[in-house]
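What follows is one structure encoded as C-alpha cells, with my remarks underneath.
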Amino acid sequence: MKKQPIGFMDSGVGGLTLVKEARKRLPNEDMVFIGDQARLPYGEKPAATVREFAWQMANFLRHQEIKALVIACNTATAAALPDLQAQLAIPVIGVIKPGSIAALQTTHNRRVGVIATTGTIQSAAYSQQMAALNPDVQVTGLAAPQFVTMIEANQRHGQAVQTIVNQILQPLQKSEIDTLVLGCTHFPLLTTAIQTAVGPDVTLVNPAVQAITMLEEVLTQQQLATTTPGTLRMYTTGSVAAFEEIAQQWLAQPDLTAQQVDIQKEKNDGPDR
Ligand code: DGL
C-alpha cells in the first residue's frame, strides 16, 4: 500500500503543538503541515470566513493525498469541524473534544478555565462540549488573542512577556479553577509564562495530547498506521523565515525547512460524499 501522509492545518505556528506530539508518538507517519500565516489571526474573524479558509487549507492537503486530517486549530475546529467531517471521506480530528475530555479527567473541583481566541470563546464550543460530557462542570472562558500575536513574533520568554501574560490572565484569579485548558493551539508555546501567571495549583491542559491519542486510535481501527520512518513537510502562506525560526526551535530540528504556498488558488474538489 502507498504511504500516505497525515495532514495538519492551522492559521500559524500553533498547529506545530500537534505536530510535535504526533512526531513523538507516531514516528512512522509521514506528515504534512500547512500554516496560513498570511491571513492570521483566525480568532478575530467571523466563523464563516474561518470556515472558508479551513476549506482552502483542507483542499490543499487533500491534493497531497492525506489519509487523515487534523484540524490543529481550535478556532477552525469550532467553525468547520462538523462540515469537514460530513463532507470528507477521510477521518477528521479536531481539538475541542479531546481538550474537553482531558480537562474533565484532570479537574478535581469541577471548575475549569479555558483560554482561547475570541472566536473560540464566542462559539461557546468548549463550555457546550464539557457540559455535554459532565453537566456539573463550571467553565470560565477568557479570550486571550494577544498571546497569538506574541507567539507568532516569537516573544515567548522574559520579564516583559511575563508581565503581559500576568495582566491578561488576571481575571482568572477569582475563578477558583484547578484546571486551565490551553484552548488555542498556539498557547502551549507560552506554557512557562502561563503556568507562572496562574500558579502551581492550576494544572494546564494541552489538548494536543488527547487529540493525538484519538488520531492513534483512528489509525489503528481503520488499519491506516505505517511501519517505516516518517517524514515531515511544512508549508506556510506567510514568511518562510519567520515560520522556520519558530518551527526549528519548537520541534528542536535546526535543519527543518518550509515552503511558501498560495492556497487561495487551490482547486476546490467539492465534497467526497
Ligand atoms: N491556533 C489557533 C487556535 O487554536 C488560532 C490562532 C489565530 O487566531 O489565528 O484557535
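When reading the values below, keep in mind they use all heavy atoms of this one structure, side chains included, and skip hydrogens, waters and symmetry mates. Source: prediction; values computed, not measured.
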- Task: Look at the side chain of Asn74 and the backbone N and O of Gly183, then say whether any donor-acceptor pair between them is shorter than 3.5 Å.
- Result: yes

**Study point:** Main-chain N/O of Thr228 paired with Thr226 side-chain donor or acceptor, under 3.5 Å
**Key:** no

Minimal heavy-atom distance between Ile96 and Tyr126, with the atoms involved, is O-CE2, 3.6 Å

query: Just by distance, with hydrogens left out, do Gln87 and Asp272 show a side-chain donor and acceptor under 3.5 Å apart?
result: no

Report yes or no: do Gln253 and Arg23 form a side-chain donor-acceptor pair below 3.5 Å?
yes

- Query: Do the non-hydrogen side-chain atoms of Leu219 and Met214 ever get within less than 4.5 Å of each other?
  - Reply: no

| How about Gln162 and His157: does a side-chain donor come under 3.5 Å of a side-chain acceptor? | no

Do Thr227 and Asn28 get their side chains close enough for a donor-acceptor pair, meaning under 3.5 Å? no

Check whether Thr107 reaches the backbone of Ala103 with its side chain - one donor and one acceptor, N or O, closer than 3.5 Å. no

> Does one hydrophobic cluster hold both Met31 and Leu251, with members joined at side-chain heavy-atom distances below 4.5 Å?
Replying inline: yes

Item checked: Criterion side-chain contact (heavy atoms from CB on, under 4.5 Å) on Glu29 and Lys3, from CA distance to verdict -> CA-CA 9 Å; Glu29 296 299 336; Lys3 207 175 173 195; 5.6 Å; no

Please determine if Asp178 and Arg110 form a salt bridge, counting it only when a charged side-chain N lies under 4.0 Å from a carboxylate O.
no

### Message
Given 3.5 Å as the limit, does a donor-acceptor pair link the side chain of Gln210 with the main chain of Ala102, or not?
### Response
no

Closest heavy-atom pair, Arg111 versus Asn109, reported as atoms and distance to 0.1 Å, is N-OD1, 2.8 Å

For Leu133, is there any backbone N or O sitting under 3.5 Å from a side-chain donor or acceptor partner on Gln129? no

Can Gln56 and Asp36 be counted as having a side-chain donor-acceptor contact under 3.5 angstrom?
no

- Query: When you check the side-chain N and O atoms of Thr236 and Gln37, is any donor under 3.5 Å from an acceptor?
  - Reply: yes

Is the closest side-chain heavy-atom distance between Ile151 and Phe187 below 4.5 Å?
yes

* Asked: Does the gap between the ring centers of Phe33 and Tyr235 come in under 6.0 Å?
  -> no

Review point. Transitively linked via ILVMFWY side-chain contacts under 4.5 Å: Val181 with Val209?
Key: no

Discussion item. For a 4.5 angstrom cut-off between non-hydrogen side-chain atoms, does Gln146 reach Ile168?
Written reply: yes

Practice item. Report the C-alpha separation of Asn59 and Ile263 in whole Å, then their side-chain angles, then the decisive distance to 0.1 Å, and conclude whether the side-chain contact (heavy atoms from CB on, under 4.5 Å) test is met. Key: CA-CA 8 Å; Asn59 284 326; Ile263 58 170; over 6 Å; no

Correct closest heavy-atom pair for Ala76 and Ala54 would be CB-CB, 4.4 Å

So CG of Leu40 and OG1 of Thr149: to nearest 0.5 Å the spacing works out to 7.5 Å

Exercise for review: Please indicate whether Lys45 has more than 12 foreign heavy atoms, meaning atoms of other residues, nucleotides or ligands, lying under 6.0 Å from its NZ.
Suggested key: yes

message = Whether the side chain of Lys20 engages the backbone of Trp250 through a donor-acceptor N/O pair (distance < 3.5 Å, no angle test) should be reported.
response = yes

Rounded to the nearest 0.5 Å, the CG atom of Asp262 sits from the CZ atom of Phe60 at a distance of 10.5 Å

Quick note, salt bridge (Lys or Arg N to Asp or Glu O under 4.0 Å) partners involving residues 209-218, not counting sequence neighbours, are Arg25-Glu216

Side chain to side chain contact (heavy atoms under 4.5 Å, CB included) with Ile90: of Leu84, Ile66, Val218, only one passes, and it is Ile66

**OP:** Kindly indicate whether the side chain of Gln64, heavy atoms from C-beta on, has any atom under 4.5 Å from the side chain of Gln4.
**Re:** no

So, do Leu204 and Thr191 sit near enough that their side-chain heavy atoms are less than 4.5 Å apart?
yes

*Beyond-backbone contact of Phe147 with Ile194, side-chain heavy atoms, under 4.5 angstrom*: yes

Same cluster (ILVMFWY, side-chain, under 4.5 Å), Leu232 and Val70
yes

Notebook entry, point to check: Between Thr117 and Thr120, do the side chains contain an N or O donor and an N or O acceptor separated by less than 3.5 Å?
Noted result: yes

Self-check item: Val137 vs Leu104 side-chain heavy atoms within contact, under 4.5 Å
Solution: yes

Residues at least two apart in sequence or cross-chain that pass salt bridge (charged side-chain N to carboxylate O under 4.0 Å, His left out) with Arg156, listed by chain then number, are none

Show every donor-acceptor pair shorter than 3.5 Å between a side-chain atom in residues 7-19 and any protein atom, with sequence neighbours excluded, or say none if there are none.
residue	atom	partner	partner atom	Å
Asp10	OD2	Gly12	N	3.3
Asp10	OD2	Gly14	N	3.2
Asp10	OD2	Gly15	N	2.8
Thr17	OG1	Gly14	O	2.7
Thr17	OG1	Thr185	O	3.0

**OP:** Show your working on side-chain contact (heavy atoms from CB on, under 4.5 Å) between Leu180 and Val205 and close with a plain yes or no.
**Re:** CA-CA 6 Å; Leu180 179 63; Val205 168; over 6 Å; no

Point to revise | Check: Thr118 and Ile121 side chains under 4.5 Å, non-hydrogen atoms | key: no

Quiz item: If you group Ile, Leu, Val, Met, Phe, Trp and Tyr by side-chain heavy-atom gaps below 4.5 Å, do Val240 and Ile246 land in one group?
Solution: no

Does a side chain donor of either Asn166 or Gln170 reach within less than 3.5 Å of an acceptor in the other side chain?
no

Smallest heavy-atom separation, Gln249 atom then Asn154 atom, equals OE1-ND2, 3.1 Å

Here the gap from Leu88 atom CG to Leu61 atom CG, rounded to the nearest 0.5 Å, amounts to 10.5 Å

Of all heavy-atom pairs linking Ala193 and Val165, the shortest is O-CG1, 3.7 Å

*Check the pair Phe243 / Gln260 against side-chain contact (heavy atoms from CB on, under 4.5 Å), numbers first and verdict last.*
CA-CA 10 Å; Phe243 177 81; Gln260 197 184 47; over 6 Å; no

Distance col, row Arg233:CZ vs Asp30:CG, nearest 0.5 angstrom, shows 7.5 Å

Tightest non-hydrogen contact, residues Pro98 and Ala211, listed as CB-N, 3.4 Å

Query raised in the report: Distance-only, no hydrogens or angles: does the Thr106 side chain make a donor-acceptor pair with backbone N or O of Thr179 under 3.5 Å?
Result: no

**OP:** Measure from the side-chain N and O atoms of Gln122 to the backbone N and O of Ala47, and report whether any donor-acceptor pair falls under 3.5 Å.
**Re:** no

Interatomic distance, OG@Ser175 vs CG@Leu142, rounded to 0.5 Å, equals 9.0 Å

One should read off an interatomic distance between Ile71 CD1 and Leu69 CG, to the nearest 0.5 angstrom, of 5.5 Å

